[in-house]
Trainee: 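Got a structure for you, questions after.
Protein chains get the first letters and strands the later ones, always in sequence-line order, with residue 1 at the start of each. Computation of the quantities below employed the complete heavy-atom set of this structure, encompassing side-chain atoms and omitting hydrogens, waters and symmetry-equivalent molecules.
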Protein chains: 2
Amino acid sequence: MVEQRNGDQRPPTIYDVARAAGVAVSTVSRAFSRPGRVNAETAARIRKIASDMGYRTNPLARALLTGRTSVIALAIADITNPYYFGIIRGAQAAAIDAGYTMLLANAQESDRLEREALDRSIGMVDGIVLTSTRMSDSAIRKMARLRPLIVLNRVVVGLPCVVTDHRHGMREAVAHLTELGHTSMTYVAGPEAAWADSVRWQALREIAAERGLKVHRIGPHPPTVAGGVTAVEQFRTQPAGAVIAYNDMVALGFLQGLAALGAKVPADVSVIGFDNIFGTELVTPGLTTVASPLQTLGATAVRQLVATIGGAPPQTGDPVMLPTRLVIRGSTGPFRRRRTAAAFRSGSTAGG
Amino acid sequence: MVEQRNGDQRPPTIYDVARAAGVAVSTVSRAFSRPGRVNAETAARIRKIASDMGYRTNPLARALLTGRTSVIALAIADITNPYYFGIIRGAQAAAIDAGYTMLLANAQESDRLEREALDRSIGMVDGIVLTSTRMSDSAIRKMARLRPLIVLNRVVVGLPCVVTDHRHGMREAVAHLTELGHTSMTYVAGPEAAWADSVRWQALREIAAERGLKVHRIGPHPPTVAGGVTAVEQFRTQPAGAVIAYNDMVALGFLQGLAALGAKVPADVSVIGFDNIFGTELVTPGLTTVASPLQTLGATAVRQLVATIGGAPPQTGDPVMLPTRLVIRGSTGPFRRRRTAAAFRSGSTAGG
DNA sequence: GTGAAAGCGCTAACAG
DNA sequence: CTGTTAGCGCTTTCAC
């Protein structure tokens with residue numbers, strides 16, 4: 001009703017620019033989005049005026065009309081976990097490349113919180129990347145019906161997924177230990193709900209069967225440094241010369257626990273982790289680990305999502321599988337039966 | 001022109017719900033936003049129908065009208081840096097508490113990228129938290145005119161700021177070293193552009209003057225592990241018994257560099273970092289550090305921003321200053337002049 | 001307690 | 001090449 005636009009504080013609209021330039025709003029709009037279809041001079045003049053006025057197109061209005069916000073959501077199981085840093089970074093870079101902005105939805109390790117966060121943001125985003133989601137398959141499928149969606153670190157049949165080739169990684173890890181003379185190894189399990197844990201453990205069992213190795217599983221343990229520390233208690237009752245941990249956090253904790261016990265790494269026990277997160281190269285000895293392609297994981301997921309948003313058919317077939325790389329540091333060494341046995345002799349806390 | 005709404009795939013709108021319920025759209029709208037002003041039965045019926053249809057209000061349309069998106073942007077200098085994990089986490093939690101969603105803008109350590117990311121998202125957010133921004137004061141002020149804004153880890157006069165009390169933290173660090181008998185210390189500087197670096201160094205100089213201590217500054221060095229490693233080269237030409245590093249990343253790298261040289265920590269050199277990031281407790285020896293209240297920093301900034309968005313007057317007076325806490329681990333110990341001298345005797349690479 | 005109607009700022013037809 | 005116009009889906013007066 002009130003005709004006085006641009007009253008005072010509120011930002012200038014396209015109408016204000018049009019009026020100032022003496023052209024129609026559509027011309028202003030075109031001057032920005034399709035410069036080719038406007039007289040070059042006019043376009044330049046409009047742009048000058050617009051920038052002088054401090055005009056910026058209102059992305060909300062545009063999105064309401066076009067249905068595109070150029071924002072994608074990245075759901076993360078736990079922002080605190082260094083594992084996700086690489087993923088976030090890769091995703092962010094790919095998003096920027098494609099002209100998208102990233103909305104971060106932290107699940108805080110909770111199914112409910114993840115759902116709520118996504119529920120809030122789903123209306124504002126063009127697509128979703130679910131990372132190590134805690135949601136059920138059916139909940140994921142429901143979301144996928146609302147928006148293009150891609151699943152990271154989990155396989156959901158019928159949806160586009162990007163995963164790491166844990167099986168191959170485990171094969172490399174075992175080969176490395178075998179070369180060092182180890183024939184018996186303990187797997188320190190992570191959370192049972194974790195997709196990666198079941199894949200890794202199953203792969204280890206199969207490989208052990210193939211090669212005639214002895215494997216033993218302890219856990220489950222929380223996928224944290226603390227979880228690794230406590231795992232040592234369980235381990236010492238039935239020690240082995242080599243330990244493969246669910247992930248680096250657990251491995252790092254395990255290393256700490258061993259040190260507290262006075263056990264030497266790798267002389268008494270060899271330890272391997274998974275992922276190659278920040279910190280694994282800083283501890284002493286450095287942690288040997290099966291590196292996940294973290295940044296590539298994030299970037300691949302985003303790129304595929306952006307393609308889907310752009311109209312490409314979603315890759316609902318086999319999941320995209322990214323390769324691992326074994327990073328050998330100081331925490332693995334030759335098997336020495338006597339040292340191992342001595343280190344964990346009941347009651348002993350003495351080391352080298 | 002086409003009357004066929006709800007044609008096929010597109011989500012139901014408020015009109016669809018209104019039609020299905022046989023009421024006016026305004027009634028549907030009220031049923032959600034002001035349940036009190038609608039007949040209770042009717043409201044319940046409408047909500048039932050809406051949920052059955054899978055209706056969800058379009059946040060874009062709402063935002064276009066109300067001018068509120070319930071999204072805030074968090075600009076981060078470098079997502080890769082573990083320093084920011086705690087801040088992100090605290091910010092995220094506070095945002096959720098207040099009913100906001102967080103948009104992450106990664107600056108990738110670049111003034112330009114930061115500006116671009118913010119430019120893209122500024123239209124979609126109700127407010128902005130700038131963390132360790134690389135932008136100039138004037139650029140920051142310009143942004144602040146567009147949206148409520150809060151500056152983290154830097155003081156910009158006239159804008160609301162949240163910072164850590166580095167001065168006090170440095171005082172604690174020096175007190176700790178002094179108690180251990182150190183009277184001479186080296187400061188390993190971070191990037192010159194970093195606000196925290198200048199504050200920390202200046203504080204150290206003042207404190208040293210007060211107490212009659214000898215301080216020496218080397219650098220600047222990149223605020224990374226690699227930066228710390230290379231700093232050792234410079235340090236060994238003029239060693240001291242105690243080192244205060246710009247931050248934990250540098251300190252961690254410094255520790256590595258010392259180990260490579262065969263120097264013992266803390267017997268030959270004591271090392272202190274700043275921030276207490278992930279990893280400082282995992283290295284051997286653990287890093288003594290001046291802990292920053294990372295989560296509190298993020299949460300405080302967001303809470304203040306949300307208050308401002310809600311109409312509270314922005315706190316443009318003195319910056320909010322949050323306290324540090326000295327975390328003593330194994331990297332600091334008593335001063336031993338001879339050990340230090342011996343460890344860095346020119347050409348020597350042998351340790352204790 | 002409910003309905004009708006006017007836009008929020010923008011873009012995409014459709015005419016000229 | 002440019003102008004006119006009809007909405008995108010929602011909330012908010014203003015009537016009844």
Trainee: Specify the separation, in whole Å, of atom CG of A:Leu60 and atom C1' of D:dG7.
Mentor: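 From A:Leu60 CG to D:dG7 C1': 17 Å.
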Trainee: So, does A:Arg89 use its side chain to make a donor-acceptor pair with the main chain of A:Gln295 at under 3.5 Å?
Mentor: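 Not a single qualifying donor-acceptor pair exists.
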Trainee: Take A:Leu64 and A:Val23, find for each the nucleotide of DNA chain D with the closest heavy atom, and name the residue whose nucleotide sits nearer the 5' end.
Mentor: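 Its nucleotide being nearer the 5' end, the pick is A:Val23.
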Trainee: At 10 degrees resolution, what angle do the end axes of the helix from C:dG1-D:dC16 to C:dG16-D:dC1 form when each is taken over five base pairs?
Mentor: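 The end-segment axes of the helix from C:dG1-D:dC16 to C:dG16-D:dC1 are tilted 40° relative to each other.
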Trainee: Please give, in whole Å, the distance from C:dG3 C1' to B:Asn39 CG?
Mentor: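 In whole Å, C:dG3 C1' lies 15 Å from B:Asn39 CG.
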Trainee: Could you tell me the separation between the CZ atom of B:Arg37 and the C1' atom of D:dT11, rounded to a whole number of Å?
Mentor: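 Taking CZ of B:Arg37 and C1' of D:dT11, I get 13 Å after rounding.
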Trainee: Taking A:Asn106 for its side chain and A:Ile79 for its backbone only, find out whether a donor-acceptor pair lies under 3.5 Å.
Mentor: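 Yes, because the side chain of A:Asn106 sits within donor-acceptor range (under 3.5 Å) of the backbone of A:Ile79.
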Trainee: Please state how far atom CE in A:Met124 lies from atom P in D:dC8, giving the value in whole angstrom units.
Mentor: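 Spelled out: CE on A:Met124 to P on D:dC8 is 20 Å.
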Trainee: Without decimals, in angstroms, what is the distance between A:Phe32 CZ and C:dG9 C1'?
Mentor: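 Rounded to whole Å, this separation is 14 Å.
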Trainee: Are OP1 or OP2 of D:dG3 and a side-chain N or O of A:Thr27 less than 4.0 angstrom apart?
Mentor: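 Result: yes.
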Trainee: Is B:Ile88 close to B:Met102 at the side-chain level, that is, under 4.5 Å between some pair of heavy atoms?
Mentor: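 Of all side-chain heavy-atom pairs linking B:Ile88 with B:Met102, at least one is under 4.5 Å.
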Trainee: List for me each residue that meets salt bridge (charged side-chain N to carboxylate O under 4.0 Å, His left out) alongside B:Asp97, sequence neighbours excluded, and say none if there are none.
Mentor: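 None.
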Trainee: Expressed in angstrom and rounded to an integer, what is the separation of B:Glu41 atom CD from C:dT2 atom P?
Mentor: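 One finds 10 Å between P of C:dT2 and CD of B:Glu41, rounded.
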Trainee: Hey, are the side chains of B:Thr308 and B:Ile150 touching, using non-hydrogen atoms and a 4.5 Å cut-off?
Mentor: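 B:Thr308 does not reach B:Ile150 side chain to side chain.
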Trainee: If a protein heavy atom is under 4.0 Å from the base, mark B; if only from the sugar-phosphate, S; if neither, -; do that for nucleotides 10-16 of chain C going 5' to 3'.
Mentor: BBBB---
Trainee: With heavy-atom distances below 4.5 Å as the criterion, would you say the side chains of B:Leu159 and B:Ile140 are in contact?
Mentor: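 Heavy-atom side-chain distance check passes, below 4.5 Å.
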Trainee: Is a donor on one side and an acceptor on the other found under 3.5 Å between the side chain of A:Asn81 and the backbone of A:Asp78?
Mentor: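 No: the side chain of A:Asn81 does not pair with the backbone of A:Asp78.
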Trainee: For the backbone of B:Arg68 and the side chain of B:Asp126, can you confirm whether one donor and one acceptor N or O come within less than 3.5 Å of each other?
Mentor: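 Side chain of B:Asp126 to backbone of B:Arg68, a donor-acceptor pair under 3.5 Å: no, none is there.
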Trainee: Side chains of A:Arg154 and A:Ser132: any donor to acceptor distance under 3.5 Å?
Mentor: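 Result is no, nothing qualifies.
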